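Every number for a ligand or one of its atoms is a count from 1 in the order of the listing. The structure presented is a predicted model; accordingly, all values stated were derived computationally and were not measured.
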Amino acid sequence: MILNAAMSLDGKIATVSGDSEFSDEEDWMRVHRLRSEVDAIMVGVNTVLADDPKLTSKVGRSPMRVVVDSMARTPPTARVITFMRREVPTIIAVTGKAPAERIEDLRKAGANVMVCGEKGKVDLEALMEKLFEMGVRTLLLEGGGNLNWSMLERGLVDEVRVAIAPVIVGGSKAITLVEGEGFSKVSQAVKVEFLGVEKVGSCLLIICKVKREADDRRNETPSET
Ligand SMILES: NC(=O)c1ccc[n+]([C@@H]2O[C@H](COP(=O)([O-])OP(=O)(O)OC[C@H]3O[C@@H](n4cnc5c(N)ncnc54)[C@H](OP(=O)(O)O)[C@@H]3O)[C@@H](O)[C@H]2O)c1
């Protein structure tokens, strides 16, 4: 599972008014190439409502699209469903609390609605299992900040790729790369290992691997005793 995002130097993935256009042309091409290399792309419903993304690839095959949406708030007219609907399937992952009529409307629009969990938020582990059963082995998580938190907190992310745009936008209410409750201690944080950094257009692309506890143990120096 790869988490990919573009953010400002101060860590925002959208401005206070919801503008999320941090990538330049070259970075977008990188994202389109990455999309064509994975089995599925996943976003949270707020990203669909804010940006109305198509989530397809301009440079190769477009993988399956997945929207994490407890209450089936995705509009049936959203481009993630309507754009290339015959060629590119879209899954809307909801909970048992999603209104039946909204589910029906989404199905009529061509989406594949999957119930993952009974109440609260979408059960991400259940969703991952269903996607695995459908043959998804590589998944690209494209935000936003709240879904990024849920996936990271559950240990469901293996790699993070962040394009840092050379801008600072500020705003205490602007969405950051990772939202949610947060960890209270640095020692509890999700730890990453920096694998590489490169210039892509005007952005700085940082690629990191998420470290597992087992990796830490392997790297520990054996004790003298
Ligand atoms: N620059 C970038 O690379 C980039 C990329 C993506 C998005 N964005 C920006 O990010 C903003 C949206 O981010 P966001 O944090 O507000 O929303 P988000 O992560 O896109 O969506 C979060 C919503 O997903 C639903 N959800 C269902 N199950 C969930 C679960 N287990 N964990 C987390 N969420 C779950 C919840 O709504 P329900 O309770 O209704 O289900 C939740 O409020 C937009 O402004 C967008 O433009 C930027």
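Closest protein heavy atom to atom 47 (O) of ligand 1: Asp51 OD2, 2.7 Å. Protein heavy atom closest to atom 27 (C) of ligand 1, with residue, atom name and distance, is Ser70 OG, 3.2 Å. Nearest protein heavy-atom contact of atom 28 (N) of ligand 1 is Val122 N, 3.0 Å. Scanning the protein for heavy atoms near atom 8 (N) of ligand 1, the closest one is Ile13 CD1, 3.7 Å. For atom 17 (O) of ligand 1, the nearest non-hydrogen atom of the protein is Asn46 CB, 3.0 Å. Atom 12 (C) of ligand 1 has its closest protein heavy atom at Thr47 OG1, 3.6 Å. Counting protein heavy atoms only, atom 1 (N) of ligand 1 is closest to Ala6 O, 2.7 Å. Residue, atom and distance of the protein heavy atom nearest to atom 6 (C) of ligand 1 are Glu142 O, 2.9 Å.
No hydrogens or angles considered: a donor-acceptor pair under 3.5 Å links the side chains of Asn4 and Arg30. In this model, no donor atom of one side chain and acceptor atom of the other lie less than 3.5 Å apart for Asp19 and Thr15. Remark: the Asn46 side chain and the Arg73 side chain contain an N/O donor-acceptor pair separated by less than 3.5 Å.
Distances from ligand 1 to the non-hydrogen atoms of Met7 include no value under 4.0 Å. Proximity of Val43 to ligand 1 is not established, as no heavy-atom distance is less than 4.0 Å.
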Intermediate values then yes/no, salt bridge (Lys or Arg N to Asp or Glu O under 4.0 Å), Glu87 and Arg61: CA-CA 10 Å; Glu87 300 89 341; Arg61 56 168 261 291; over 6 Å; no

